Protein chains: 2
Amino acid sequence: MSSSNQSVASQLRKLIEDGHYPQGERLGEEAVAEQLGISRTPVRLAFRTLEQEGLLKRAGKRGFMVREFTDADVHCAVEVRGVLEGLAARRLAEHGMSSQQREEFDFWIQKGREVLDKGHLVEEDIQRWIELNWNFHELIVCSAGSGVIADAISRNNHLPFAAAASIVIDKGKLSHEYRKLQLAQLHHELIFQSLVNGEGARVEMLMREHALIGIRYSELL
Amino acid sequence: MSSSNQSVASQLRKLIEDGHYPQGERLGEEAVAEQLGISRTPVRLAFRTLEQEGLLKRAGKRGFMVREFTDADVHCAVEVRGVLEGLAARRLAEHGMSSQQREEFDFWIQKGREVLDKGHLVEEDIQRWIELNWNFHELIVCSAGSGVIADAISRNNHLPFAAAASIVIDKGKLSHEYRKLQLAQLHHELIFQSLVNGEGARVEMLMREHALIGIRYSELL
DNA sequence: GGCCTTTACTTTGGATCCAAAACTAATAAA
DNA sequence: TTTATTAGTTTTGGATCCAAAGTAAAGGCC
């Protein structure tokens with residue numbers, strides 16, 4: 001919020017993720033600027049940022065358009081996220097965790113158990129669990145040291161998350177969601193165990209699997 | 001070159017990669033604009049692009065500074081590149097190659113052999129081989145379908161390539177370079193074989209190994 | 001003599017203005 | 001009727017202007 005052009009990028013990201021701008025839609029600087037009640041300059045800056053994130057695509061000199069995703073693209077984006085997080089997890093396992101990091105992992109895993117232990121899920125619980133899951137991923141990435149990986153992931157993160165969000169939250173299928181979250185929670189615990197034991201290869205594989213859960217499961221339905 | 005702000009980003013990238021702007025140096029919009037003989041606007045746009053690429057880093061409201069890399073960062077960046085290219089290669093192996101792609105791989109591998117078959121290297125040959133190597137990587141990435149991976153790699157590519165370039169080209173060590181290139185060529189041929197055989201897991205591992213050759217080898221010296 | 005405050009300068013962020021390129025539409029010719 | 005050329009409109013890219021925030025330096029106060 002501090003510098004407005006970051007804020008503009010966030011707003012546009014949200015508008016795109018919420019489907020307010022349909023895929024393939026051409027975005028004019030003037031139109032967007034007017035909608036947001038600002039001038040063209042910060043919009044132009046935000047367009048460059050969103051282009052790098054893969055949400056917008058250049059259309060020659062006709063400006064930018066919202067990128068179109070096929071199902072294959074979504075799957076692919078999740079795989080990219082998976083290998084990057086897998087790499088982060090492996091490095092974390094190889095370099096060892098601090099006791100503080102260990103406690104943090106324990107904390108989030110415990111929170112996840114609390115949500116699932118109720119034996120059923122309502123929409124609110126799912127939202128809560130998605131937050132927990134997100135924190136777990138964040139923790140893996142941030143703990144892996146060397147900001148290079150964290151940067152790489154954050155650069156590639158908006159795209160799969162935006163694209164996959166609509167798949168994951170399927171409000172008609174709460175019981176399916178419950179089983180999926182059970183699976184994810186199991187993964188969290190396995191990953192944590194392997195991290196503690198320093199099993200680099202295993203934790204990398206688990207983390208890659210973990211990133212794919214949402215997609216794999218939705219394929220089964 | 002078409003739109004100038006892309007061109008500005010390229011110029012700045014090159015200046016940073018060539019070490020013209022030392023790491024940690026603060027870049028003022030006004031100063032850079034004057035150096036390039038243009039106004040601040042395209043520089044501001046280029047700064048956002050380079051920030052997303054990880055070459056520049058925000059310094060609060062004091063503008064941007066050239067990012068500083070430790071040896072660990074470089075190693076990490078190469079690993080990121082490795083897992084992404086590994087993913088691309090695996091997908092290519094799983095989806096199978098067209099006969100045209102097969103011919104292209106054959107072509108570049110043959111070119112590599114021709115350089116190495118001379119039994120020694122001069123500086124010019126190294127430059128040539130680096131180009132060939134680059135083409136091989138490009139081919140893997142572009143052949144893997146779904147532009148999502150190609151985008152992810154290209155977003156993460158400037159950083160490791162910039163950081164590692166100074167390590168790879170060590171002009172005093174031509175004989176070492178020769179052995180390194182022999183190793184890389186061997187990898188190319190193994191990768192190609194595994195691609196033809198559709199051995200997804202193996203080609204992924206080889207590709208990851210391959211990305212690390214430069215770093216691994218320089219550790220031995 | 002050191003520290004706090006105030007003021008002036010530097011620099012980024014946002015808005016507006018101008019030029020250039022591209023798309024559109026209309027008119028004229030084949 | 002169709003096509004090509006040209007004029008007009010729309011839109012992006014670049015330059016300049018203004019405001020706001022931050023820094024640094026100088027001067028006053030404890």
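Lettering follows sequence order; numbering is per chain, from 1. As the structure is a computational prediction, the values presented were derived from the model and not from experiment.
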Against the side chain of B:Arg62, the closest entry in C:dG14, D:dA15, D:dG22 is D:dG22

Side-chain donor-acceptor distances from residues 22-29 of chain B under 3.5 Å, at least two apart:
residue: B:Gln23; atom: OE1; partner: B:Phe69; partner atom: N; Å: 3.1
residue: B:Arg26; atom: NE; partner: B:Arg62; partner atom: O; Å: 2.8
residue: B:Arg26; atom: NH2; partner: B:Arg62; partner atom: O; Å: 3.3
residue: B:Glu29; atom: OE1; partner: B:Arg40; partner atom: NE; Å: 3.0
residue: B:Glu29; atom: OE1; partner: B:Arg40; partner atom: NH2; Å: 3.0

Respond yes when some side-chain nitrogen or oxygen of B:Arg26 is under 4.0 Å from OP1 or OP2 of D:dT23, and no when none is.
-> no

To the nearest Å, give me how far apart CZ (B:Arg58) and C1' (D:dG22) are.
-> 15 Å

Expressed in angstrom and rounded to an integer, what is the separation of A:Leu45 atom CG from D:dG13 atom C1'?
-> 13 Å

Side-chain contact check for A:Thr41: nearest option of D:dG14, C:dT16, D:dG13 is C:dT16

Measure the shortest side-chain to side-chain distance between A:Lys57 and A:Phe64 over non-hydrogen atoms and say whether it is less than 4.5 angstrom.
-> no

For a quick test of your reading: what N or O donor-acceptor pairs under 3.5 Å do the side chains of residues 94-103 of chain B make, sequence neighbours left out?
residue: B:Glu94; atom: OE1; partner: B:Arg90; partner atom: NH1; Å: 3.4
residue: B:Glu94; atom: OE2; partner: B:Arg90; partner atom: NH1; Å: 3.0
residue: B:His95; atom: ND1; partner: B:Arg91; partner atom: O; Å: 2.8
residue: B:Ser98; atom: OG; partner: B:Gln101; partner atom: N; Å: 3.1
residue: B:Gln101; atom: OE1; partner: B:Ser98; partner atom: N; Å: 3.0

For atom CD1 of A:Ile38 and atom C1' of D:dA19, their distance in whole Å | 16 Å

Nucleotide of D:dA15, C:dG14, D:dG13 approaching A:Arg48 most closely (side-chain heavy atoms) | D:dG13

Rounded interatomic separation in angstrom, taking CE from A:Met65 and P from D:dT11 = 16 Å

Whole angstrom value for the distance that separates C1' of C:dG13 from CD of B:Glu29 = 8 Å

The nucleotide from C:dA15, C:dC17, D:dA15 with an atom nearest the side chain of A:Arg40 is C:dC17

Hey, is the side chain of B:Ser39 poking within less than 4.0 Å of OP1 or OP2 on D:dA15, counting only N and O atoms?
-> yes

To the nearest angstrom, the CD-P distance between B:Glu34 and D:dA15 comes to 13 Å

Of the non-hydrogen atoms in B:Ile140 and B:Ala88, which two are nearest, and what is the gap between them?
-> CG2-CB, 4.2 Å

Short side-chain N/O contact from B:Arg44 to OP1 or OP2 of D:dA15, under 4.0 Å | no

